[in-house]
Amino acid sequence: MRLTNYFLPTLKEEPKEAEIVSHRLMLRAGMIKQQAAGLYSWLPLGYKVLRKIQTIIEQEQNRAGAIQMLMPTLQPAELWRESGRYDSFGKEMLRITDRHDRDLLFGPTNEEMITDIFRSYVRSYKELPLNLYHIQWKFRDEIRPRFGTMRSREFLMKDAYSFDIDREAAEKTYQRMFVAYLRTYFRMGLTAIPMRAETGPIGGDLSHEFIVLAETGESAVFCDRDILQKPIPARDTDFNGDLSAIVDEWTTPYAATEDMVDMEEFEQKVPEERRIAARGIEVGQLFYFGSKYSASMNANVTEADGKDVAVHSGSYGIGLTRLVPALIEAFHDENGIVWPVSVAPFEVILINLKAGDELCSKTCDSLYGQLQTAGLDVLYDDTSGGAGGKFANADLVGIPFQLIIGPRGAKSGEAEIKNRKTGERETMPIENAVQYLKDIIEPERRDTV
RNA sequence: CGGAGUAUAGCGCAGUCUGGUAGCGUACCAUGUUCGGAACGUGGGGGUCGCAGGUUCAAAUCCUGCUACUCCGACCA
């Protein structure tokens, strides 16, 4: 993409409404625009990151055996009356009336609807297990939305819903999602720590939150440093096999949020030098809630012995629109964002330092074509501004590698490559630059590990 | 929903106390000099001062009401 043809409205000055660093940087890097309290437009750069995150989530959900579909944002109130949540959910649920005076709601979650789909079509235990997911916009009318898209009213979520014949089978599904989550966050460059969690209003008795450590995290968390060293399950993990060893390994070190922590237990189980008391951002949650909805909504299947039983269910969420700021909280410095390659809006930015110089522009145009041919996701800064502005902008939006060509280099045949994360610069013959970038970027995509 | 603030050019702000019809920085347009970390000069365009009502010869400024947004708290993926 040529920057002269793109839409990237970056801001030099600090927007006054933003308090935390990720919100400020998302506004300054031209990723989002606030439209009302808790409602945001995703501008091209921000949307590109969101799509990359979505692709990783989809790949890992599919790998773990979940099946993608899509449910509507608006739901009929009847389903929620059936489960009893129409009245109990409270004012966070946005209620809408259509022209026929029918009660609708903007879905804050989809347990009722997926259960309705399930009971409409599934009759036999032979069709289990089933794990369906969708990635859809949800709405919760938060009393006080804040921190940009970290806590917005409208938000994009991946929700998977599983159906199993009994608790044992449901726990296996739970473990598959657990492993998929470890891989998902790892591929985004994050270390997300699974912590025993309260089950909250969704109900049930088995739940983990996945937490990313960050100073601006909304909750205090306590864990054993050991958990940060645990190995990530490989790409070829057999999701049909027994995953309990992996889950056990990850759930043995102490890790709990402030809601669940027992300080005495924490201090007793974790030696002082390994204790981490920090703040964290929740980026996903797993729930097993048994037959809570299947029983009240008649989602039964017939077993081998001819008897009907209510299925055992779980739900598994990942907040995409919250992951973006969580990533920025984890990856930034004083100059701007520092994206990991796998979620970066572009992998490399080609900077033409002097767009008016014939040789310089010719060299850059050629490199731009080569980078595209090499399969790299490239933004080409072909604007006519000064060098300082271009460097500042490239640093701000956080593209992992900068390929810098100035008139001097164009003449002498030298290219400069800056690593955004380390700040290191390397000079090399121009003809080597594309292969050099390809070699360092491809493994960083983490799509083959 | 309780408490505290803010609203003036695209963005960041001053002007409001003490009423006289709007200014600074930046961004934008033109032009010239620059050209490796947001460079400089000259010229230019852009604001019914959040909305409504009131007081006054005169309101960004004083009074009343409303709206939006932000922060703290309770709540939450």
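Every chain is numbered from 1, with letters handed out A, B, ... down the list of sequences.
Taking a pair to require two hydrogen-bonding distances under 3.5 Å in either a Watson-Crick or a G-U wobble arrangement, B/U67 pairs with B/A7.
Between the side chains of A/Gln435 and A/Asp439, at least one donor N or O lies within less than 3.5 Å of an accepting N or O. Under 3.5 Å, the side chains of A/Gln370 and A/Ser366 contain a donor-acceptor pair of N or O atoms. Under 3.5 Å, the side chains of A/Tyr288 and A/His312 contain a donor-acceptor pair of N or O atoms.
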Contacts under 3.5 Å, N or O only, protein and nucleotides 72-75 of chain B:
residue: B/C72; atom: OP2; partner: A/Arg144; partner atom: NH1; Å: 3.3
residue: B/C72; atom: OP2; partner: A/Arg144; partner atom: NH2; Å: 2.6
residue: B/C75; atom: O2; partner: A/Arg151; partner atom: NH2; Å: 3.0
residue: B/C75; atom: N3; partner: A/Arg151; partner atom: NH2; Å: 3.1
residue: B/C75; atom: N4; partner: A/Arg146; partner atom: NH2; Å: 2.9

Scan nucleotides 38-41 of chain B against the protein and return all N/O pairs shorter than 3.5 Å with their distances rounded to 0.1 Å.
residue: B/A38; atom: O4'; partner: A/Gly389; partner atom: N; Å: 3.1
residue: B/A38; atom: O2'; partner: A/Lys12; partner atom: NZ; Å: 3.2

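The nearest heavy atom of RNA chain B to A/Asp395 and to A/Arg153 marks one nucleotide each, and the one closer to the 5' end goes with A/Asp395. When the nearest nucleotides of RNA chain B are assigned to A/Pro407 and A/Gln34 by heavy-atom distance, the more 5′-ward of the two goes with A/Pro407.
The side-chain hydrogen bond (donor to acceptor under 3.5 Å, both in side chains) contacts involving residues 351-360 of chain A comprise A/Asn352-A/Ser361, where partners must be two or more places apart or lie in separate chains. Among residue pairs with one or both ends in residues 249-263 of chain A, none qualify as side-chain hydrogen bond (donor to acceptor under 3.5 Å, both in side chains); sequence neighbours excluded. Counting only residues at least two apart or on different chains, the salt bridge (Lys or Arg N to Asp or Glu O under 4.0 Å) pairs with a member in residues 208-223 of chain A are A/Glu218-A/Arg322.
Remark: A/Arg176 is not positioned above the aromatic ring of A/Tyr316, lacking an NZ or CZ atom under 6.0 angstrom from the ring centre and at most 45 degrees off the axis.
Listed in residue order, the members of residues 57-72 of chain A having a heavy atom less than 4.0 Å from RNA chain B come to none.
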